[in-house]
Protein chains: 2
Amino acid sequence: MQARRPYRDLIDRLKTVKLRPTRQRLALAKLLFSGCNRHVTAEQLHNEALSAGVSVSLATVYNSLHQFTQAGLLREVVVEPSRSYFDTNVCDHHHFYFEDSGELCDIPPETMGLPQLPEAPEGTRIARVDMTVRLKRSQ
Amino acid sequence: MQARRPYRDLIDRLKTVKLRPTRQRLALAKLLFSGCNRHVTAEQLHNEALSAGVSVSLATVYNSLHQFTQAGLLREVVVEPSRSYFDTNVCDHHHFYFEDSGELCDIPPETMGLPQLPEAPEGTRIARVDMTVRLKRSQ
DNA sequence: GTGATTGCAAATCTTTTGCACTAAA
DNA sequence: TTTAGTGCAAAAGATTTGCAATCAC
């Protein structure tokens, strides 16, 4: 049933967060949100868009990624100095980071207990907890 | 007792990790290791050195920070895209990150239980676990 | 139409690099 | 003296910005 109006859902999704469904945003949203959860860098997404025949500038990719993040559609993950990943899974969860390949991957929540969190210091509240389990090839 | 040979300990510390105790490395080591544990960026440390009347180039600060890190004297902490912090506390521990000020601070280990870790995937081993509790001003 | 969005190229910021010079052993 | 370390200035990445052209409403 979706076949006849492939963009309707994405358009609604963008409108809901008050972003105009432009050609570029729609194409990027399609790449990001039509399949499984993903972890992408701006550069990767830009290349994917170009490969898919969508002409978007890298600046617009950055803008869109930040707008999507601000709107709660994406989450920014910092694991490396000087390269940001954007995660389409915005639920509470943590990451494996493969140091050898630079690949990022969700940790299935059921494989780890909830960490016992410390209290937030006076005058602050916890905005988010990020945990990264850094992996290396064994031996 | 240390007063008469203020640099002896630092010199030994550098020699132990096979780094020549040059004027610059000693000055940086002094700033980093003479007081309490610290979290600094390259830029911060460079400014401190200049303020202390030690002439060091920023390139040398970067080199030294990485050499110290490789030698296990420091630990690199990634909490922000495109800015690295270096932590003089190399024991297992986690961080509070004050998003408003960019300040980084150790979480006292006794205030949080050890998280139950997931198994490392086939063929990998856990190199390190980084947890960052991101804080915002409350209300 | 009009205000939001885009693309481009230039600017910015952090970090790294190449290489001649200097200093530690 | 010999090799490691330093400083500088230039290069490299990733990201951002300014602004005229374009597009969604």
Side-chain angles (χ1 to χ4, degrees), chain A residues 7-8 10-31 39-50 53-71 73-74 76-86 102 104, chain B residues 7-8 10-31 39-50 53-71 73-74 76-86 102 104:
Chain A
Y7 284 98
R8 167 90 5 247
L10 291 173
I11 290 175
D12 290 346
R13 199 148 171 183
L14 290 179
K15 281 189 172 168
T16 302
V17 297
K18 309 228 187 310
L19 290 173
R20 283 192 186 172
T22 61
R23 180 175 62 75
Q24 292 83 344
R25 284 183 185 150
L26 274 175
L28 296 177
K30 183 161 185 242
L31 290 170
H39 303 91
V40 295
T41 64
E43 188 100 51
Q44 269 168 34
L45 187 60
H46 186 225
N47 287 333
E48 283 183 27
L50 297 186
V54 180
S55 116
V56 203
S57 75
L58 185 54
T60 297
V61 172
Y62 274 105
N63 287 339
S64 302
L65 285 172
H66 286 131
Q67 289 153 353
F68 291 178
T69 300
Q70 194 149 18
L73 265 32
L74 290 177
E76 191 174 357
V77 182
V78 185
V79 281
E80 265 184 1
S82 93
R83 194 198 329 317
S84 278
Y85 288 79
F86 293 85
L104 200 59
Chain B
Y7 284 99
R8 166 96 358 250
L10 291 173
I11 291 175
D12 290 345
R13 199 149 172 183
L14 290 179
K15 281 189 171 171
T16 302
V17 297
K18 308 228 186 311
L19 290 173
R20 283 192 187 173
T22 62
R23 180 176 63 77
Q24 291 84 345
R25 285 185 184 147
L26 274 173
L28 297 177
K30 181 162 187 240
L31 290 170
H39 304 90
V40 295
T41 63
E43 188 99 51
Q44 269 169 31
L45 187 59
H46 186 224
N47 288 334
E48 284 185 26
L50 298 186
V54 180
S55 116
V56 203
S57 76
L58 185 54
T60 297
V61 173
Y62 274 105
N63 286 338
S64 302
L65 286 172
H66 286 131
Q67 290 152 354
F68 291 178
T69 300
Q70 195 150 17
L73 264 33
L74 290 177
E76 192 173 356
V77 183
V78 184
V79 281
E80 264 184 1
S82 95
R83 196 197 328 318
S84 278
Y85 288 79
F86 293 85
L104 200 58

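Throughout, protein chains are lettered first and strands after them, A, B, ... in sequence-line order, and every chain is numbered starting at 1.
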Tell me, do [X] and [Y] make a side-chain contact under 4.5 Å, heavy atoms counted?
X: B:Q24; Y: B:S64; answer: no
X: B:Q67; Y: B:L73; answer: no
X: B:E76; Y: B:L65; answer: no

Roughly, in whole Å, what's the span from [atom1] in [X] to [atom2] in [N]?
X: B:L58; N: C:dC13; atom1: CG; atom2: C1'; result: 11 Å
X: B:E43; N: C:dT15; atom1: CD; atom2: P; result: 8 Å
X: B:K15; N: D:dA4; atom1: NZ; atom2: P; result: 16 Å
X: B:L65; N: D:dG5; atom1: CG; atom2: C1'; result: 15 Å
X: A:Y62; N: C:dA11; atom1: OH; atom2: P; result: 19 Å
X: B:R83; N: D:dA14; atom1: CZ; atom2: P; result: 18 Å
X: B:K18; N: C:dA25; atom1: NZ; atom2: C1'; result: 15 Å
X: B:Q24; N: C:dA23; atom1: CD; atom2: P; result: 9 Å

*Any A:H66 side-chain N or O less than 4.0 Å from OP1/OP2 of D:dT16*: yes
*asked:* Counting only side-chain nitrogens and oxygens, does A:T60 get under 4.0 Å of the OP1 or OP2 atom of C:dG7?
replied: yes
Using a cut-off of 4.0 Å on non-hydrogen atoms, how would the nucleic acid contact of [X] be classed: base, sugar-phosphate, or nothing?
X: B:S55; value: sugar-phosphate
X: A:S84; value: sugar-phosphate
X: A:P81; value: nothing
X: B:R20; value: base
X: B:H46; value: nothing

When you get a sec, tell me which of [options] is the closest nucleotide to the side chain of [X]?
X: A:T22; options: D:dT17, C:dT16, D:dA24; answer: D:dA24
X: B:V56; options: D:dG7, C:dT16, D:dG5; answer: D:dG7
X: B:R25; options: D:dT15, D:dT6, D:dA9; answer: D:dT6
X: A:N63; options: C:dA25, D:dT17, D:dT6; answer: D:dT17

*asked:* By nearest heavy atom, map B:R23 and A:Q67 onto DNA chain C; which one lands nearer the 5' end?
replied: A:Q67
*Output the distance between atom CG (B:N63) and atom CG (B:L28), rounded to the nearest 0.5 Å.*
10.5 Å
*Where do A:T60 and A:H46 land on the side-chain contact (heavy atoms from CB on, under 4.5 Å) test, with the steps shown first?*
CA-CA 9 Å; A:T60 297; A:H46 186 225; over 6 Å; no
